[in-house]
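Numbers for residues simply follow the sequence, beginning at 1.
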Amino acid sequence: MAFVEVKDLTKIYRSGEVELRALDGVSLTLEQGKIYAIVGPSGSGKSTLFNIIGGIDRASSGKVVVDGEEVTAMNYEQLTRYRREKVGFLFQFYNLINTLTVYENVQAAAALSNRAGEIMEYLEMVGMADKKDKFPLELSGGEQQRVALARAVIKRPPLILCDEPTGALDYENAKRVLKLLEKVHRDYGPTIVMITHNLAIAEMAHYVVSLRSGQVVSVKANPSPVPAEEVTW
Ligand code: ADP
Ligand code: MG
């Protein structure tokens, strides 16, 4: 079943006479509960696509439908509700709120759902329960990303969007985050879209979408996704 439908999506940046097509007619169908890797050279439009699917940025034309709702037709309030209810985000540089503790960061997300009672469970899952009163800047990058993951998934969003989630981490911490993502997928089956530069990580996905110059150049099914444990680079 299609969970995300992208049709003829464009994003055009203009500066003076120059027109830059960050997305140049992207069409894609993402099935519910599958893991997608988005790969492509720097500047190929990966983050732009991610931001429009996530309701963070606006398209110039075309359509994005997620779970039957047309994201590209939403107003500001509708986008806020959409992001809150449907999407969990994981970014390369964690994007935690530095003035809140670990616990409070996850609580801020949980408060928007009815899972406030489960904050410690999620912190335990990501191995951060003992650091619940620390502030993000007192943590390593790997620890911050694990908190960000707890924050992203505590509301059990049907769509998890990750933009280079391991891009700033060393090998061990990257593996740990990938294993946690895999566990989340096993536990409740969200659709996961993960931008990565790392082709080894892309082998974890059910499908690999390649972008170049704002266009989809291929969508390849991976008949046997590699478990996070076995991914090496
Ligand atoms: P990727 O994530 O694949 O590296 P991006 O989606 O970030 O690529 O960018 C795609 C293209 O759009 C690039 O050429 C980039 O320079 C351009 N771009 C992205 N954001 C902006 C912006 N706010 N203003 C102008 N150009 C932008
Ligand atoms: Mg990017």
Side-chain angles (χ1 to χ4, degrees), residues 1-13 21-40 44-92 95 106-116 118 122 148-165 181 184-196 205-211 214-216 219 221:
M1 200 178 90
F3 189 70
V4 178
E5 283 279 4
V6 178
K7 281 211 184 93
D8 292 328
L9 198 66
T10 71
K11 176 73 177 181
I12 299 168
Y13 292 107
R21 292 183 167 256
L23 294 177
D24 190 11
V26 169
S27 294
L28 267 181
T29 300
L30 309 184
E31 290 171 50
Q32 184 157 29
K34 299 291 186 198
I35 302 176
Y36 290 82
I38 311 259
V39 302
S44 57
K46 303 182 298 295
S47 295
T48 304
L49 176 62
F50 173 100
N51 289 338
I52 295 172
I53 293 175
I56 298 174
D57 197 1
R58 297 260 185 202
S60 301
S61 67
K63 207 162 149 176
V64 173
V65 178
V66 177
D67 202 11
E69 290 188 283
E70 190 180 341
V71 178
T72 37
M74 290 180 184
N75 63 28
Y76 184 85
E77 286 74 25
Q78 290 167 324
L79 283 173
T80 304
R81 181 202 50 78
Y82 162 73
R83 288 192 302 265
R84 182 179 293 171
E85 292 177 0
K86 297 281 169 78
V87 193
F89 292 98
L90 207 56
F91 298 98
Q92 181 173 2
N95 287 36
V106 179
Q107 185 180 40
L112 306 173
S113 64
N114 43 19
R115 298 188 181 269
E118 297 170 34
Y122 278 82
L149 182 65
R151 178 187 62 178
V153 302
I154 192 164
K155 57 189 179 174
R156 292 188 166 239
L159 180 61
I160 298 181
L161 298 178
C162 315
D163 192 348
E164 299 276 3
L181 266 175
V184 165
H185 184 258
R186 215 169 35 236
D187 285 352
Y188 81 99
T191 304
I192 298 182
V193 180
M194 179 163 49
I195 295 177
T196 181
H206 299 108
Y207 294 92
V208 179
V209 178
S210 299
L211 290 186
Q215 298 183 331
V216 174
V219 180

### Task
Go through R186 and L181 one step at a time and tell me if the side-chain contact (heavy atoms from CB on, under 4.5 Å) criterion holds.
CA-CA 9 Å; R186 215 169 35 236; L181 266 175; over 6 Å; no

Ignoring hydrogens and angles, write down the donor-acceptor pairs under 3.5 Å from the side chains of residues 157-164, residues two or more places apart or on other chains.
{"from": "D163", "atom 1": "OD2", "to": "S47", "atom 2": "OG", "distance (Å)": "2.8"}
{"from": "E164", "atom 1": "OE1", "to": "H197", "atom 2": "N", "distance (Å)": "3.4"}
{"from": "E164", "atom 1": "OE2", "to": "H197", "atom 2": "N", "distance (Å)": "3.3"}
{"from": "E164", "atom 1": "OE2", "to": "H197", "atom 2": "ND1", "distance (Å)": "2.3"}

## Note on the structure
Here the salt bridge (charged side-chain N to carboxylate O under 4.0 Å, His left out) pairs for residues 46-60, sequence neighbours left out, are K11-D57

#### Entry: Straight-line distance of Q32 CD to D67 CG, nearest 0.5 Å
6.5 Å

### Query
Once you round to the nearest 0.5 Å, how far does OG of S210 lie from CD1 of I38?
9.0 Å

### Message
Is the ring pair Y207/Y36 parallel, tilted or perpendicular, if the boundaries are 30 and 60 degrees?
### Response
parallel

### Nearest non-hydrogen partners of L90 and F50, listed with the distance
O-CZ, 4.3 Å

## Note on the structure
Note: I53 and V71 closest approach over all heavy atoms is O-CG1, 4.3 Å

### Query
Between the main-chain N or O of A2 and the side-chain N or O of T29, is there a donor-acceptor pair closer than 3.5 Å?
no

### Query
Taking S44 for the side chain and G214 for the main chain, is one N or O donor matched with an acceptor at less than 3.5 Å?
no

#### Entry: Test log, rule side-chain contact (heavy atoms from CB on, under 4.5 Å), inputs V209 and V39
CA-CA 6 Å; V209 178; V39 302; over 6 Å; no

#### Entry: Nearest-0.5 Å distance, OG of residue S27 to CD of residue Q215
10.5 Å

### Query
Can you name the nearest heavy-atom pair linking G45 to L23, along with the distance?
O-CD2, 3.5 Å

### Query
Do the side chain of H206 and the main chain of G33 share a donor and acceptor less than 3.5 angstrom apart?
no

#### Entry: Considering all heavy atoms, the nearest L79-G55 contact
CD2-CA, 3.9 Å

### Message
Suppose the criterion is salt bridge (charged side-chain N to carboxylate O under 4.0 Å, His left out): which pairs have a residue in residues 21-33, not counting sequence neighbours?
### Response
E19-R21, R21-D24

### Query
If you measure from OG1 on T80 to CD on E85, what distance do you get to the nearest 0.5 Å?
11.0 Å

### Query
Can we say R81 and E69 salt-bridge, meaning some charged N sits less than 4.0 Å from an Asp/Glu carboxylate O?
yes

### Task
Calculate, to the nearest 0.5 Å, the distance between atoms CG and CG belonging to L49 and L28 respectively.
6.5 Å

### Query
Can you find a side-chain donor-acceptor pair between S60 and T10 that sits under 3.5 Å?
no

### Task
Could you pull out all residues at least two apart from V65 that satisfy side-chain contact (heavy atoms from CB on, under 4.5 Å)?
E5, K63, E70

### Query
What are the two closest heavy atoms between H185 and I192, and how far apart are they?
CB-CD1, 3.8 Å

### Message
Between M194 and P165, is there a side-chain heavy-atom distance shorter than 4.5 Å?
### Response
yes

### For A205, side-chain contact (heavy atoms from CB on, under 4.5 Å) partners two or more places apart
I35, A37

## Note on the structure
Heavy atoms of A152 and F89 approach each other most closely as CB-O, 3.4 Å

### Query
Taking only residues two or more places apart in sequence or in another chain, which ones pass ring-ring contact (aromatic ring centres under 6.0 Å, His included) with Y122?
none

### Rounded distance [0.5 Å steps], NZ in K34 versus OG1 in T191
9.5 Å

